[in-house]
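Written below as structure tokens is the structure these notes are about.
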Amino acid sequence: GIIRVFSASDRMVQYEPQRPSDEEPAEQATDYCNYIFWRDNDGYRILHAATHDSLLHGNGIGKIWFDPAEDVEVTEHTRLTYEQAALLLGEEGVEVVAATENDEPDIAQQELQPGQVVDVPVQTFDLRLKRVNKRGRIRIEIIPPEDFLIDKDAVSVKTARFTAHRSAKTRSELIEMGFDRDKVESLPTHSAQTFSDEKLARDGYTLGMQSNTDSSEDLVSLYECYLRADVNDDGVSEMVRVHYAGDGGAGELLEWEECDDEHPFFDIPCNPVPHSWVAGSITDDTKDVARIKTALIRQVLDNLYASNLPMPDVEEGSVLNMDALMNPGFGQPIIRKKGAAPVSWQQVPFVAGPALEAIQFFDTVIEKRTGVSRATMSLDPEALQNQTATAVQNARDAAYSQIELIARNHAELGWRVMFQKMLRLVIKHQDRPRTIRLRDKWVDMDPRPWNAGMDCTVNVGLGTGSRDRDMQMLQAVLMNQNALTQAFVGSGLKHKAVEMLPKVLVTMRKIAESAGLRSVDQFYPEIDEQEIEQIRQAAMQPQGDPKADAERAKMEANIQLEQAKMQAAQAKEAAQMQADLQVKAAERQTQLEIVDRELAFKREELALRMALEDRKLDIQRNQAMLNAQPAMPAGDIGHRWTWPAE
């Protein structure tokens, strides 16, 4: 029930503006910090772990800080085209680790012209990319309560003079964190004696009992301490962060520095005790009853065992097979000596009835202390029999009030502090806009101009009780709002009716959240002040006579009908003209093609005639040359004839 309080809506926190210029930044900070909690960090696991530790130990301890370390992600992509590879390499922070060109190209279909598709080979590549995010990120961690140290006089985590987080790190991790290698290698290993009862109960395998052949994997206790000390001798203490490693007085001071930030710790108290940091828990309210019930249940089981397995009463030496009495089996005979007395059994009466009644009584004690009962859980139908609806509702309300009180303590004293720290860290460390996907849109978040002093409210009230009850109450509120809006309209106060519109939308969103729907913004539109002003101006315009308005509407309808007819006629005429133009264009194209063919035929005919004339001229020229040659004498046959000189 407590987890449902905070997870019923996507908006776990709502930031409130402190001045008029904070209106839009407060809305952006609300969306961005909820995004960081639920998506950048595993919000549900953090919420579950903190709630569990709070109910069990009284204080759930959390830690929030800005981690400047780079996030590196290596991915492999196969058979990418050149365009796909260029698109990936164009992203910010992407580096190529390895690139391979495939020997066998892929075959892709390409349309050269309508109706003609051909197969085209496409070269592909295999890439191994490394994405580096150098922005850093906000990290949230729920640490084990036994690993959190605080001074014994502290009243709250915020005002504590000393706080520390104890963790087990390997020597390799310490060196990667930037600590001196010689100091790290000289540190003693993490001892199993430093484990608390809580850690041993949570995990029976102690880390300190493991042996490593590689000394770089030895575990070392690291203490991240925050304390107040006067480091500049001005009489005023400053916040100092100290890293100390080692146990048993053999540790080393690795580094210390003055920090202008507050410490990163926050706690989620279950039942806070005034003037004390240690809060009460559900365990404190029930552990005495649990011990009593354990003793009673053990006695009931012992009585049941004795009743089901009575002790045999047998004369010494009268039974030949004593194993049949000591370890009886189904159908196993008992062999007695001849003339011996029969075996008798000492029956133990079952007297566990009063103990069972006492166990039921202590169950009611637990219900009154915690508010968790069979009726509130709605698991046992018998718990609701022979009771009126009013009595059942009153019992549920009384039980839910205790659960709601714990949820209110978590929200006001724990999660509110955490989200305030988150806002300050985001404003201080994020030095550039970040694009995130929010409600199916990509939005740029630039927290640098935001006000770090904005207050915040953690949403509590949804999911604490029955969803049906919440929805009924909200439906009643919505009906009253609608009635009030109609009253404003009827009395002429239309501007008041317009002012009710944002309130009605808020109620409708709350109804969707009570029904268990997340991302309710996708069901209802968002209306800003400018749109509300437009609606107000439209509503304030004077209204005319209804009959005149009806006549005017009729005339406008007739005018629109005539316009539609004229537009249809014009469209028909334009279509006919377009068709005629297309026919004429086709005829002209046909005529041009005929003319082109005739011109081509005439050009071919002219070329043939010219070739024929050239041939005739060649024949005539050859004939003239033959006729011009002198006759050869008869007696000079075989003698080479030469032309006389000119």
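Numbers for residues simply follow the sequence, beginning at 1. The model shown is predicted, which means the values in this text are computed figures rather than measured ones.
Around the NE2 atom of H243, the shell of radius 6.0 Å holds more than 12 heavy atoms that belong to other residues, nucleotides or ligands. Within 6.0 Å of atom NZ in K158, 12 or fewer heavy atoms from other residues, nucleotides or ligands are found, so the atom counts as exposed in its surroundings.
Classification of the H48-Y44 ring pair by plane angle, with boundaries at 30° and 60°, yields tilted. Taking the six-membered ring for Trp and thresholds of 30 and 60 degrees, F265 and H165 have ring planes more than 60 degrees apart, a perpendicular arrangement. F148 and W277 have tilted rings, their planes meeting at an angle from 30° to 60° on a 0 to 90° scale.
Ion pair D147/K63 not flagged as a salt bridge, since none of the NZ, NE, NH1 or NH2 atoms sits closer than 4.0 Å to an Asp/Glu carboxylate oxygen. Ion pairing between R19 and D22 holds under the 4.0 Å rule for side-chain N and carboxylate O. At a threshold of 4.0 Å, the pair K130-E95 counts as salt-bridged, since one of the basic side-chain nitrogens sits closer than that to a carboxylate oxygen.
Judged as a side-chain hydrogen bond (donor to acceptor under 3.5 Å, both in side chains), and not counting sequence neighbours, the contacts of W450 are Q28.
At least one donor-acceptor pair closer than 3.5 Å links the side chain of D230 to the backbone N or O of D234. In this structure, R434 contributes its side chain and M445 its backbone to no donor-acceptor pair below 3.5 Å. A distance-only check finds a donor-acceptor pair linking the side chain of D151 to the backbone of F162 [under 3.5 Å].
When all heavy atoms of L423 and N451 are compared, the pair lying nearest together is CD2-O, 3.9 Å.
For the residue pair S186 / E252, no side-chain donor-acceptor distance below 3.5 Å is found, with atom types taken as modelled.
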* R137 and D40: CA distance, side-chain angles, deciding distance, salt bridge (Lys or Arg N to Asp or Glu O under 4.0 Å) verdict -> CA-CA 8 Å; R137 53 174 292 187; D40 286 354; over 6 Å; no
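Contact annotation: the side chain of Q14 approaches that of E27 to within less than 4.5 Å [non-hydrogen atoms, C-beta and beyond].
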